[in-house]
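Shown next, in structure tokens, is the structure this report addresses.
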Amino acid sequence: MRIRTAQIKATLSANCEMILMYWDIGRMIAERQKREGWGASVIPRLARDIRNDLPEVKGFSERNIKLMTQFHREYPSLGPIGQPSVAQLAVPAEPRVILPQPAAKSVLGGNGQPIVAQLPWAHNVLLMQKVKDLPTRYWY
């Protein structure tokens, strides 16, 4: 049980860090686009630079970088946040059914991290594309 708990905490922590990194990249790109203008090809240049400098790193295509920028624009209030507090996460011995909750009043989850950072990137992308109303998106 201890090994599984540690594995789950590590996975959640890594996911949270990746989501917050994507948000921060989106923030930096949005600021740069504002400063340099849309015609400056900020996203294609960044995708090309990452591909050239770090060919083994995946996930930084032009399309994904555009999604990072959209992610930042959809959730502008996330801001820089400290390390995830997954150490406090209690993992149940038996799987539980999670019922839908009313629309979130806060962007933070029970562990103090943004709700969106607790979801995998693909889920965040789907929610941004399919659910335009922010309170409804938090509900899902």
Looking at every non-hydrogen atom in both residues, tell me the closest pair between [X] and [Y] and how far apart they are.
{"X": "G26", "Y": "H72", "result": "C-CB, 3.6 Å"}
{"X": "A47", "Y": "S61", "result": "CB-C, 4.2 Å"}
{"X": "L127", "Y": "R137", "result": "O-NE, 3.5 Å"}
{"X": "N64", "Y": "G59", "result": "ND2-O, 2.6 Å"}
{"X": "E74", "Y": "L134", "result": "O-CD1, 4.2 Å"}

Practice item. Would you indicate whether K34, at its atom NZ, is surrounded by more than 12 heavy atoms from other residues, nucleotides or ligands within a distance under 6.0 Å? Key: no
Exercise for review: May I ask you to decide whether R45 forms a salt bridge with E36, counting only side-chain N to carboxylate O separations under 4.0 Å?
Suggested key: yes
Check your understanding: Between E31 and R27, is the closest basic N to carboxylate O distance under 4.0 Å?
Key -> yes
Check your understanding: Given side chains that start at C-beta, do those of L67 and Q129 come closer than 4.5 Å, heavy atoms only?
Key -> yes
Review point. Does the side chain of M68 come within less than 4.5 Å of F60's, by heavy atoms?
Key: yes
**Study point:** W121 versus N15, side-chain donor and acceptor atoms under 3.5 Å
**Key:** no
Check your understanding: Distance from L119 atom CG to N124 atom CG, nearest 0.5 Å?
Key -> 5.0 Å
Review point. Parallel under 30°, tilted from 30 to 60°, perpendicular over 60°: which one fits the rings of Y75 and Y138?
Key: tilted
